[in-house]
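Counting convention: from 1, in listed order, for ligands and their atoms alike.
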Amino acid sequence: MGAQAAAAELAVKLLRLSSIALAALLIGAAPPSPRPTEGPAAERIHAHVEFLASDLLEGRDTGSPGHEIAANYVASQFRQLGLRPGGTNGSWFVRVPFRKATIKDTPKVSLKDKGRTTVLVVGRDVGLRPSLTDQRISVEAPMVFVGYGISDRRLGIDDYSNLDVRGKIAVGLGGPAPGIPSEIASHLGSAQAEVAAAHGAIGFIAIDDPTSAAQDVQRYSKRPVTDWVGRTSSIKVRAVFSPQLADRIFEGAPVPLRRIRAQATARKPIKGFNLPSRLSVSAESEWKDFSSPEVVAILPGSDPRLAGDHIVLTGHLDHLGLKASAKPGEDNIYNGALDNAAGVATLIEAAHEFVQSGKRPRRSVMFVANTGEEIGLRGADYLAVHPTVPADSIVGLVDLDMPLLLYDFTDVVAFGSDHSTIAKAVAAAGKGMGVRVSPDPMPDETLFVRSDHYPFVKRGVPAVFLMTGFANGGQQIWRRWLDDTYHSVKDDLSQPIRWQQGARFAELNYRIARTMADADQRPMWYAGDYFGETFAPAQPKARR
Ligand SMILES: [Zn+2]
C-alpha cells in the first residue's frame, strides 16, 4: 500500500471513529476505545499471534509443553474452520519421533602420522558433533581432502573423481563454493556429508575459514544435535578443525592449505588428494528421545479429476523456547511473535479465506503447522519423507515464515518462484492487490534453502516462500530487525506490529495458493532449472 492509499485508509478510519463517537454521544454511552478497528481479518491475525506468542507458551520449543499447547490451538482452529484432520490415524497430528544427542564425557581424539601420535584437545583443536546413529564410536581412518566435496552431474563437477574415500574420512572446504549461484552453492554445502557418505566415507570434516573455524571448534561439541529417528548414514564422524590443526594436517600434503585457500579465493579449480595422517576418534553420545507434533489439516478439492492432488500451505509453529543464559529477572522467553507466530496466523487466516470464499478449491489443500524448524527444518523434513498423502500427490507448496509486519509493504520477494511456473501465480496475485514482486535483495542469505519448503523441494515439489519487500522503508526495517531482534527475546508482542499488514499478507498468500489449486495445470519446474532437473527429473517441465 502506497502513502496515498494509507492516507485514504486513515481517513476512512477517522470517519468511522467519529461516527461511532457521534453515536456514543447521542445515546450518552461511554466513549469508544481510541484504537481504531482494523477489520476482522486483522483482528483474527492479532488474536492468533497474541495467543501463540504469549509468555504462557514459553517460546514453543520443539518437544516442549508450550509447543504442544500451540499445536492443540492450531488443530482447534482448523476444526472450527471445518477442515478435515490430515494427520495419522484420522488425527490432526503427525508425531515426529525425535532424538537429541549430546557428547558424553571427554572424547578421545588423536592424529597419527609418521609413527607419531598427537593427542588433540576437544574444544581447542577439534570440535566433535554428537552422533544420532551410533551411541559409541571408535574409529581410526585415513583422511582424504575432497575440495568442496561436490559431486554433481548437472554442474559437471566431481570432486571425488580419482579419489577413494571408502572407509575413510573426507575432509572438505566449508562455505559456499565460489563461481556457483548462491542458492545452488548453499544447497551443495548442506549436502557435503551426504555426498561423502554416498562415496562410502565414514566421516566428514569441514575446513572453514579461520574465524568461523575457531568459533565452531568451541561450540560444536557442546551443542546438542536433534533430528528425527530413522535416518541412516554411513557417516560416523562429523567434526571441525581449528585453523592450526587444519594447517597441520596439510603438512606434507601435495598442496598446503594456504595455497588451497588462495586458489579458492581466485576461483581456481581445486583438486583433492590423500592426506598424510590418520584420525582416531573414540566418543560417546547421550541420547534423549521424545516426540513433537506436526499439525495437518485438509480441505478436500471439488474437482474429481484434480482433488487427488494436494497444494500444501505450511508455516513453522516451533521457536527457540527459553533462554538458558538469561540472568534472574531478565526476559528469558523467545516469544517468536514474528518468527513465526505471525506465519502460523497467516496460515490459519489463509485457511479461513478458502472456507469463507464458499467455493472449494479444485485441488485439495493441505495446511501444515510444522515443528522442528529452528533446529534445522526437521519437522518438515520428516513430513516430506513420511507424508500422510501419496508423496507424488503433493504438487506445489507455499511456505509462510517470518513475515515482517512492521511496515506497510508495497512489494514482496518470492523465493523459489523463478524456478517454476508458481511465478505466474505470484505475479497474478500481486497484481490483483497492487503489490510488486521484486528480485531477491539478499541473494547471499540464500533464503530459498533455509526454510521449511526446502525439504519438499528436495523431493521434487515446486515451492515458493514470500518475504515482505524492501520498498516503502522495508529495507531499513529488515536490516535493523535482523541485527537487533531476530532470534532474540525482543521478538515479542511489544513490537509495533501492524495487524492489517498481516491480513494483506494472508490475502496475498491465499490468492497464490488458490491460483495453484484451481489451475488446469499443476505447477511445473522450468526446463533447465537446477532444482527441478535435480530433484524432479521425470516430471514434465515448462518453458520459461
Ligand atoms: Zn527462526
Side-chain angles (χ1 to χ4, degrees), residues 48-49 52-55 57-64 66-67 70-71 74 96 98 100 186 190 219 223-228 292-295 313-326 331-347 368-383 397-406 413 415-416 440 442 444-457 463-468 477-495 497 502 505 509:
H48 299 317
V49 175
L52 295 173
S54 66
D55 283 356
L57 269 55
E58 297 188 325
R60 307 184 306 279
D61 195 9
T62 299
S64 72
H67 179 268
V74 174
V96 183
F98 279 112
K100 183 174 179 176
S186 180
S190 71
R219 269 200 309 234
R223 198 168 45 191
V225 171
T226 307
D227 200 357
W228 52 265
S292 178
E294 295 270 293
V295 191
L313 256 99
T314 190
H316 75 91
L317 182 59
D318 67 294
H319 193 51
L320 303 167
L322 296 172
K323 183 178 178 181
S325 61
D331 184 0
N332 69 335
I333 301 172
Y334 291 111
N335 301 79
L338 295 175
D339 182 14
N340 183 36
V344 173
T346 309
L347 175 76
V368 182
N370 287 312
T371 186
E373 194 268 354
E374 301 286 12
I375 53 172
L377 321 181
R378 307 296 199 210
D381 190 68
Y382 182 83
L383 194 67
L397 183 142
V398 180
D399 181 17
L400 305 157
D401 193 359
M402 221 167 75
L404 206 56
L405 309 176
L406 300 173
V413 180
F415 299 99
D440 184 352
M442 321 183 271
D444 291 341
E445 295 278 329
T446 61
L447 289 177
F448 180 58
V449 301
R450 279 179 49 191
S451 185
D452 277 340
H453 54 280
Y454 181 52
F456 285 88
V457 166
V464 69
F465 158 44
L466 258 59
M467 166 190 142
T468 50
I477 288 171
W478 265 108
R479 288 266 148 81
R480 207 181 317 137
W481 194 83
L482 287 175
D483 281 351
D484 187 58
T485 308
Y486 173 69
H487 281 196
S488 83
V489 296
K490 291 190 211 164
D491 180 11
D492 62 16
L493 289 157
S494 68
Q495 298 169 98
I497 300 175
F505 193 69
N509 281 282

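At a cut-off of 3.5 Å, with distance as the only test, no side-chain donor of N335 or D491 sits close to an acceptor on the other residue.
Aromatic ring centres of F415 and F448: separated by at least 6.0 Å. When ring centroids are compared, H319 and H487 come within the 6.0 Å threshold.
Of all heavy-atom pairs between R450 and L377, the closest is O-CD2, 3.9 Å.
Taking OG1 of T314 as the reference point, atom CZ of F465 lies at 11.5 Å (rounded to 0.5 Å).
Protein contacts to the Zn ion (ligand 1) involving N, O or S atoms at a distance below 2.8 Å are D339 OD2, E374 OE1, E374 OE2, H487 NE2.
Partner H316 forms a side-chain hydrogen bond (donor to acceptor under 3.5 Å, both in side chains) with one of D399, D401, D452 and no other, that one being D401.
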